[in-house]
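This report refers to the structure that appears directly beneath it.
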Amino acid sequence: MKRSFLLLQLWYVLLVHAFYGVWFSVGGSLHCEYSNSVILHRPHSVSITEFGAVGDGVTLNTKAFQNALFYLKSFSDKGGAKLFVPAGQWLTGSFDLISHLTLWLDKGATILGSTNSENWPVVDPLPSYGRGRELPGRRHRSLIYGQNLTDVVITGENGTIDGQGSVWWDWFRNGELNYTRPHLVELINTNGLIISNLTFLNSPFWNIHPVYCRDVVVKNLTILAPLDSPNTDGVDPDSSTNVCIEDCYIVTGDDLVSIKSGWDEYGISYARPSSKIKINRLTGQTTSSSGIAIGSEMSGGVSDIYIKDLHLFNSNTGIRIKTSPGRGGYVRNVHVSNVKLNNVKKAIRFTGKYGEHPDENFDLKALPAIEKITFENVDGEDIGVAGLLEGIEGDEFRDICFLNVTLKVKKKAPWKCSNVRGYSQWVSPEISCDSFEERIFPEHSSDCFGLSENNLEISSGLSRSPWLLSW
């Protein structure tokens with residue numbers, strides 16, 4: 001007993017050390033790191049086949065997954081365990097994960113979501129939403145689910161998790177749903193989560209939804225759904241802190257990444273913000289929505305967001321902030337840099353009157369604070385509109401900054417602004433809105449969040465240097 005306790009203590013030390021590197025600061029920049037060797041090693045391992053699972057794509061294996069995880073729970077205080085899923089088509093309904101677990105999908109392994117809604121149990125709504133996101137009342141539980149966990153890894157040799165969502169999309173379009181559709185993966189109130197080296201296909205609703213989580217790494221994923229599939233967001237960190245999303249390729253029917261923090265009076269009351277989120281090296285396409293969205297559910301607050309090296313093609317919108325009177329909350333300290341847009345209808349969009357409320361009890365006087373949003377080093381080819389920047393009357397969005405932004409735009413009126421105020425420099429086409437000052441340096445550099453040191457160093461010359469042109 002003493003040996004098991006000491007082993008668990010050692011494992012916690014290693015886990016904390018591994019995740020401690022997820023967020024650290026070097027010269028004002030935040031970096032994501034984690035230790036593969038520590039996190040992916042487990043002293044105990046079993047295969048799903050040892051619990052009667054059959055990988056023929058027809059046999060329902062929900063009980064096998066549940067029994068395997070129940071068995072592995074006995075190793076949670078002994079360094080944790082790995083559930084190995086070999087090559088095959090493993091049909092299943094929803095199942096719960098456990099702490100100190102690695103769910104490993106081997107090369108050629110596919111976890112298939114059942115097309116029978118009865119295999120996706122119905123659970124209570126999240127407290128920060130007050131109801132299902134689509135329908136009042138309860139919601140279907142995700143295919144892979146967990147809550148109140150520590151140290152969870154979902155990874156493998158590029159295995160696949162396929163939600164077989166087309167049946168759910170049809171039910172949604174035909175108005176045949178009784179409850180909100182399920183996600184593919186949802187972890188609630190979990191500390192220490194890694195999702196990596198996998199392919200996600202055809203989610204019924206959002207693909208990956210960490211909510212009320214801390215220390216999350218989402219890395220090396222391919223996430224795919226038809227461009228017309230409804231609400232198949234890629235990764236939606238929600239009321240979560242210390243989140244890294246890196247090196248992902250996402251093509252879906254909605255936002256590729258959407259940062260959230262609760263909905264109207266429920267999110268205001270729950271008061272759980274999303275903060276310290278880094279999105280790096282993301283490539284993808286969405287013809288209906290945005291590459292990166294913040295909101296519209298942002299009532300708990302969103303801050304300290306760093307987005308870098310985004311490449312979006314053949315899409316509707318590049319980056320969008322969505323909110324509404326009644327949301328409350330805030331979006332502040334957001335830095336977006338090194339963005340490449342090709343054939344995008346709207347490069348940057350702010351929507352202050354998005355609407356969509358959970359019920360009639362929201363307070364119209366609960367106005368969001370949107371401030372200190374910086375776009376730096378953005379390049380776009382074949383752009384429809386450079387910016388649609390629409391704030392809220394009486395609740396101006398402020399300290400919105402554009403630096404070194406070059407967009408080749410089709411429209412004669414490339415920028416449209418209302419109730420938004422900020423600063424711009426080295427922007428083409430120029431922002432023709434009276435509420436934007438055509439100068440950042442030197443007097444307004446402190447008003448713009450997160451300006452790169454290189455741009456600050458060259459600011460005294462007030463000219464575009466070779467470094468800027470080669471960024």
Side-chain angles (χ1 to χ4, degrees), residues 34 36 39-40 48 53 55-57 61 65 82-95 97 101-115 142-146 152-169 181-187 193-210 216-237 244-258 279-286 291 310-313 315:
Y34 70 95
N36 266 333
I39 294 297
L40 300 185
I48 191 64
D56 59 3
N61 296 296
F65 277 100
K82 178 167 77 173
L83 177 57
F84 179 80
V85 182
Q89 303 282 312
W90 307 93
L91 182 69
T92 182
S94 174
F95 59 88
L97 300 183
L101 172 77
T102 296
L103 176 62
W104 180 279
L105 279 69
D106 207 28
K107 183 178 180 180
T110 299
I111 292 178
L112 290 173
S114 170
T115 56
S142 63
L143 183 65
I144 299 175
Y145 180 80
V152 175
V153 180
I154 305 171
T155 189
E157 293 289 342
N158 199 32
T160 299
I161 300 173
D162 186 345
Q164 300 198 103
S166 61
V167 63
W168 293 93
W169 308 333
R181 287 172 287 160
H183 313 303
L184 269 188
V185 174
E186 182 178 70
L187 276 295
L193 170 65
I194 295 174
I195 304 175
S196 66
N197 303 324
L198 295 170
T199 296
F200 287 77
L201 301 176
N202 304 316
S203 179
F205 199 36
W206 307 342
N207 277 268
I208 298 170
H209 187 219
V216 177
V217 175
V218 176
K219 190 175 179 72
N220 295 329
L221 298 185
T222 298
I223 302 176
L224 304 174
L227 291 170
D228 64 348
S229 57
N231 312 112
T232 50
D233 297 26
V235 185
D236 288 4
C244 294
I245 303 169
E246 292 190 332
D247 302 307
C248 293
Y249 180 82
I250 305 176
V251 176
T252 68
D254 211 309
D255 300 319
L256 307 188
V257 174
S258 184
I279 302 167
N280 208 15
R281 298 183 299 278
L282 173 68
T283 300
Q285 177 188 18
T286 170
L310 168 68
H311 178 208
L312 196 66
F313 58 89
S315 293

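Note that the structure is predicted; figures quoted are calculated from it, not measured. Here, residue 1 is the first one in the sequence, and each next residue gets the next number.
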What is the minimum heavy-atom distance between [X] and [Y], and which atoms define it?
| X | Y | result |
| --- | --- | --- |
| H183 | S203 | C-OG, 4.2 Å |
| R181 | P204 | NH1-O, 2.8 Å |
| S315 | G284 | OG-O, 4.2 Å |
| G113 | Q164 | O-NE2, 2.7 Å |
| S114 | L91 | CA-CD1, 3.9 Å |

Taking only residues two or more places apart in sequence or in another chain, which ones pass side-chain hydrogen bond (donor to acceptor under 3.5 Å, both in side chains) with T160?
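T160 satisfies side-chain hydrogen bond (donor to acceptor under 3.5 Å, both in side chains) with no other residue.
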
Could you state the interatomic distance from [atom1] ([X]) to [atom2] ([Y]), rounded to the nearest 0.5 Å?
| X | Y | atom1 | atom2 | result |
| --- | --- | --- | --- | --- |
| L282 | L312 | CG | CG | 8.0 Å |
| L198 | L184 | CG | CG | 11.0 Å |
| I161 | L103 | CD1 | CG | 6.5 Å |
| L224 | Q285 | CG | CD | 10.5 Å |
| N197 | N220 | CG | CG | 5.0 Å |
| C244 | N280 | SG | CG | 9.0 Å |

Set of salt bridge (Lys or Arg N to Asp or Glu O under 4.0 Å) partners for D247, sequence neighbours left out
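Partners of D247 under the salt bridge (Lys or Arg N to Asp or Glu O under 4.0 Å) test: K219, R281.
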
Do the ring planes of H311 and F313 sit parallel (below 30°), tilted (30 to 60°) or perpendicular (above 60°)?
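Judged by the thresholds at 30° and 60°, the geometry between H311 and F313 is tilted.
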
May I have all residue pairs that pass side-chain hydrogen bond (donor to acceptor under 3.5 Å, both in side chains) and include part of residues 221-230, sequence neighbours excluded?
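Sorted pair list: S229-T232.
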
Does a donor on one side chain sit under 3.5 Å from an acceptor on the other, for D255 and T286?
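Checked: D255/T286 side chains show no N/O donor-acceptor pair below 3.5 Å.
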
